[in-house]
Amino acid sequence: MAGPERAQYNAAMSKPIIEVRDLRKSFAGAIAVDGISFVAARGAITGLLGGNGAGKTTTIGMLLGLILPSSGSIAVMGEDMVRHRHRVLPRMNFSSPYVDFPARLSVRETLEVFGRLYGVRDRAARIARLAGDLHLRRFLEQRAGSLSAGQKTRLALAKALINTPELLLLDEPTASLDPDTGDWIRAYLEAYRRETGATILLASHNMAEVERLCDEVLMMRAGRIVDRGTPDALRARFGRDNMEQVFLDIARAGEATP
Amino acid sequence: MTGAVGRVGAILMRHVYLWRGSWTRLFDLVYWPLLQVMVWGFMTEFLAGKSSWVAQAGGVFIGAVLLWDVLVRGQFGMTLSMLEEMWSRNFANLFVSPLRPWEFATALMCLSIARSLIGVIPAALLAIPLFGYSIFGLGLPLLAFWTLLLVFGWGVGLALCGLLVRFGLAAESYAWASIFVLAPFSGVYYPISTLPAWLQPFAWSLPTTYIFEGMRAVMIGGALDWRMLVGALLLDLVYVALGYAVFLWAFRRARERGTLLASGE
């Protein structure tokens, strides 16, 4: 890489991968996200934490460009997600237990289709690698509709990793999984981040998951970020032993507020 | 293969995989056209002995029902492919990928071509031994009629896909039924002059009217009326433009309302 190119590369790499400023979204007058601002550093795992209706999924939807903000700005890898989301979508991916796959397609066919959508060049090798890593090899010819919850979650993760994304957005990645499978998924995400330097933003209700994975946690309530920090800092600030207690303190403080 | 072509190909592959693994879906493609051809074929045989017009224009009903099915399969090809994504709750997965709306629409159009060919050709072939009528006898005009009907099907299909994006599965029944509203005004089985005078201007605002009048001109008069083809083509362009505008509008509204993440629910 030549000097100017190296400088340009370094400048891009030092910028936050997500920059959200004063982001708001309301649906028919009901406020879902109320003026949030945050940045996610490259290579960090950021947790969006909050109760039901706190605005986590809406925030992720806006980060993906699937939901248009009412106001504010979102830049992902330096690109405005309202206007130019297609410039960065090939470099990011998403998984949610609330989005499914065609039931009659096999695991291999599903990954082949998404590999093509993301322009993955050596799809056969990539699918083989992911199937091995995520213990899906013996299910490759099985229909997606016949997989168990844990197998489906691994398929969703394989799809989310098909393009080796630099930014991975995960909505409740271990929801409805048994503790063993959940723990295994968390270990896999840690390894993926370590190997690729990817940035991960995850929305979760699972406090142990957030505590284990996240470098920074954004606590959301009623569409706002009401606190933020590392899990250690949050625990210390609230004088609590674990994130579950911190979460309850924040949620109940909201209930007490008229 | 990368870029837009690869992404359109990905959507096509998804449906090829689906058809390959589901004989019921393949059967569904050919079932109605076969049934329609048989009903109208026997009706033609019955009427031919009673009406000199039908006797003179042998096969006009079978030709009409086959071409009408090109339109129906063409429109269903778009809306059913869209519904498949909604039924499987796969919509958000597609649109967080680099797939653009126009690429998705292009894939739907390709699927509608495939559906019309798979659905109508077996019925057209069946009519040859069963009723001694070959629609392929129309020659090159058949290709023009087929194409013009498909393109109109795309226009209607795009608008209906827009409704599905905007209103979700609540709009599913429109995807199935809407096209049939046009049948009485399109002169599929009778000349447009049969309609009351006040309805005829509306009929002439539909490309289907020009196509079926053109078909009868070829089958009865033996001559291709170019004015019919040009009229149908110009109206097709208007309807496809309108359909795509509705589709894009609905897609934007769905992004504003946040329904893309929950489509299918």
Side-chain angles (χ1 to χ4, degrees), chain A residues 25-28 32-33 57-58 60-70 81-82 85-106 108-110 112-121 123 141 143-145 155-156 159-160 162-163 165 169 171, chain B residues 1-26 80-104 107 165 249-265:
Chain A
K25 180 66 190 177
S26 58
F27 298 108
V33 172
T57 301
T58 303
I60 286 186
M62 287 192 281
L63 285 168
L64 288 162
L66 276 186
I67 299 175
L68 291 175
S70 301
M81 285 306 279
V82 174
R85 72 190 195 110
H86 286 98
R87 291 183 186 165
V88 288
L89 284 175
R91 297 161 62 190
M92 55 197 284
N93 214 317
F94 160 74
S95 154
S96 164
Y98 308 112
V99 178
D100 219 332
F101 294 105
R104 298 188 74 90
L105 265 59
S106 71
R108 186 193 299 282
E109 288 167 346
T110 303
E112 173 70 26
V113 167
F114 282 98
R116 283 172 186 263
L117 280 173
Y118 281 91
V120 175
R121 286 182 193 277
R123 286 187 299 279
E141 309 311 327
R143 284 181 176 171
L155 169 60
K159 172 259 157 189
I162 191 82
N163 57 331
L169 302 176
D171 192 3
Chain B
M1 191 167 46
T2 56
V5 176
R7 292 190 287 274
V8 171
I11 299 298
L12 298 182
M13 284 304 294
R14 177 252 191 275
H15 288 272
V16 169
Y17 288 143
L18 182 69
W19 292 344
R20 208 172 58 179
S22 173
W23 68 266
T24 50
R25 280 177 171 81
L26 278 175
L80 278 183
S81 308
M82 177 86 168
L83 280 168
E84 291 282 5
E85 306 301 352
M86 301 181 88
W87 290 330
S88 58
R89 302 198 314 148
N90 186 41
F91 213 62
N93 275 329
L94 295 182
F95 286 101
V96 300
S97 82
L99 181 72
R100 290 166 186 262
W102 73 264
E103 294 165 356
F104 184 63
V165 170
W249 168 82
F251 198 81
R252 184 170 177 88
R253 286 290 291 150
R255 286 177 72 197
E256 283 168 359
R257 294 170 60 92
T259 49
L260 287 178
L261 261 179
S263 62
E265 291 173 356

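The structure presented is a predicted model; accordingly, all values stated were derived computationally and were not measured. In what follows, chains are A, B, ... by sequence order, proteins preceding strands, each numbered from 1.
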Trace of the side-chain contact (heavy atoms from CB on, under 4.5 Å) decision for A:L117 with B:I11: CA-CA 8 Å; A:L117 280 173; B:I11 299 298; 4.2 Å; yes
Is [Y] close to [X] at the side-chain level, that is, under 4.5 Å between some pair of heavy atoms?
| X | Y | value |
| --- | --- | --- |
| A:D100 | B:S88 | no |
| B:R20 | A:E109 | yes |
| B:E84 | A:P102 | no |

From B:F95 atom CZ to A:R85 atom CZ, the distance as rounded to the nearest 0.5 Å: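 It comes to 8.5 Å.
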Nearest-0.5 Å distance, CE of residue B:M13 to CZ of residue A:R116: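 One finds 5.0 Å between CE of B:M13 and CZ of A:R116.
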side-chain contact (heavy atoms from CB on, under 4.5 Å) evaluation trace for A:I67 with B:R255: CA-CA 4 Å; A:I67 299 175; B:R255 286 177 72 197; over 6 Å; no
Side chain, backbone, both or neither: which part of [X] has a heavy atom under 4.5 Å from chain B?
| X | answer |
| --- | --- |
| A:F101 | both |
| A:R87 | neither |
| A:S26 | neither |

Polar side-chain atom of A:K25 near backbone of B:E256 as donor-acceptor pair, under 3.5 Å: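 Pair found, side chain donor or acceptor close to backbone of B:E256.
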Heavy-atom pair with the smallest gap, counting every atom of [X] and [Y]:
| X | Y | value |
| --- | --- | --- |
| B:N90 | A:F114 | OD1-CZ, 3.6 Å |
| B:R89 | A:V99 | O-CG1, 3.4 Å |
| A:V113 | B:A10 | O-CB, 3.6 Å |
| A:Y118 | B:S97 | OH-CA, 3.3 Å |

Per-residue contact mode, [X] against chain A (heavy atom under 4.5 angstrom):
| X | answer |
| --- | --- |
| B:R257 | backbone |
| B:R252 | both |
| B:R25 | side chain |

Evaluation steps, side-chain contact (heavy atoms from CB on, under 4.5 Å), between B:V96 and A:L66: CA-CA 7 Å; B:V96 300; A:L66 276 186; 3.5 Å; yes
side-chain contact (heavy atoms from CB on, under 4.5 Å) between B:Y17 and A:E112, intermediate numbers included: CA-CA 10 Å; B:Y17 288 143; A:E112 173 70 26; 3.3 Å; yes
